[in-house]
Amino acid sequence: MTIIQTKNVLSKGIGRRKSSTAFVQIVPGEGEIIVNQQSGIDYFHHNSQALSVCRTALEIFESEKSYNLTIVVSGGGLNGQMQAIRLAVSKAVSKLDENKRAKLRNLGLLSRDTRVKERKKYGLKKARKAPQFSKR
């Protein structure tokens, strides 16, 4: 997994959620989002709310039009990837300016959600669902 652009990188961040992992690079620009070498709107199937979630950390400080985001994301579904990107962007913004870290921490944007799907156990139908039991 390689990140395309390496010059003029202001900050980097890594975010994870469920089985998704996102690598984000912040570069100076005009608010463009590139996800896995596609435009963000194409990658998220024209879902503008998904792009808004990914930009949350930049929107708080009203700087979404001054930086471009280059994102490489893998694993999981679109929702998990979206949340992994949000965490990675928040980490990158906090590295960009340490004064912004406290506000991001208070809003809960720097906390990783550690919940993952529980594995299926032997003898059960799902992780906890057992076959029906009959006494007689």
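Just so it is clear, the model here is predicted, and its values are computed rather than measured.
A88 and A22 make their closest contact through CB-O, 3.8 Å (heavy atoms, listed as atom of the first residue, atom of the second, distance). Shortest non-hydrogen contact noted between Y43 and Q38 is CA-OE1, 3.7 Å. Closest heavy-atom contact between L87 and L109: CD1-O, 3.5 Å. The nearest pair of heavy atoms linking G13 to A92 is N-CB, 3.9 Å. Annotation for K95 and S11: closest pair CB-OG, 3.5 Å, computed over non-hydrogen atoms. Scanning all heavy atoms of the two residues, the minimum distance from N8 to V27 falls at O-CG1, 3.6 Å.
Annotation for Q49: atom CD does not count as buried by contact number, only 12 or fewer foreign heavy atoms lying within 6.0 Å. Atom NZ of K120 is surrounded by more than 12 heavy atoms from other residues, nucleotides or ligands within 6.0 Å. For K18, the NZ atom counts as loosely surrounded, since its 6.0 Å shell holds 12 or fewer non-hydrogen atoms of other residues, nucleotides or ligands.
Side-chain atoms of S94 and K100, non-hydrogen and from C-beta on, never get closer than 4.5 Å to each other. Between I34 and L69, the closest side-chain pair of non-hydrogen atoms is not below 4.5 Å. Proximity of V53 to F44: side-chain heavy atoms (C-beta onward) are nowhere separated by under 4.5 Å. A 4.5 Å side-chain heavy-atom check between I71 and N36 finds every atom pair outside the cut-off. Within the 4.5 Å cutoff, no side-chain heavy atoms of T56 are placed close to those of V89.
D113 places no side-chain N or O within donor-acceptor distance of the main-chain N or O of R17, the cut-off being under 3.5 Å. Looking at S63, its side chain never comes within 3.5 Å of a backbone N or O of E59 through a donor-acceptor pair. At distances below 3.5 Å, at least one donor-acceptor pair connects side-chain atoms of N68 with backbone N or O atoms of E32. Not one N or O on the side chain of S20 forms a donor-acceptor pair closer than 3.5 Å with the backbone of R16.
For the atom pair OG of S48 and CD1 of I41, the computed distance is 6.0 Å after rounding to the nearest 0.5 Å. Between T70 atom OG1 and Q37 atom CD the span is 10.5 Å, to the nearest 0.5 Å. For the atom pair N47 CG and C54 SG, the distance stands at 9.5 Å (nearest 0.5 Å). For the atom pair R101 CZ and S90 OG, the distance stands at 10.5 Å (nearest 0.5 Å). For the atom pair L78 CG and M82 CE, the distance stands at 8.0 Å (nearest 0.5 Å). Atom-to-atom distance recorded for I85:CD1 and L51:CG is 9.0 Å, nearest 0.5 angstrom.
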Decide yes or no on side-chain contact (heavy atoms from CB on, under 4.5 Å) for V93 and L104, but give the supporting numbers first.
CA-CA 9 Å; V93 167; L104 291 171; 4.1 Å; yes
Determine, stepwise, if the pair S19 / K117 fulfils side-chain contact (heavy atoms from CB on, under 4.5 Å).
CA-CA 9 Å; S19 60; K117 186 171 180 173; over 6 Å; no
One pair to check against side-chain contact (heavy atoms from CB on, under 4.5 Å): L107 and I60. What are the steps and the verdict?
CA-CA 10 Å; L107 293 171; I60 290 169; 3.3 Å; yes
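Between K65 and E30 there is no salt bridge, since no side-chain N of the basic residue sits under 4.0 Å from a carboxylate O of the acidic one.
In this structure, K12 forms no cation-pi arrangement with F23, as its terminal cationic atom is not both closer than 6.0 Å to the ring centre and no more than 45° off the ring axis.
When the side chains of ILVMFWY residues are joined at heavy-atom separations under 4.5 Å, either directly or via intervening members, V116 and L124 end up in two distinct hydrophobic clusters.
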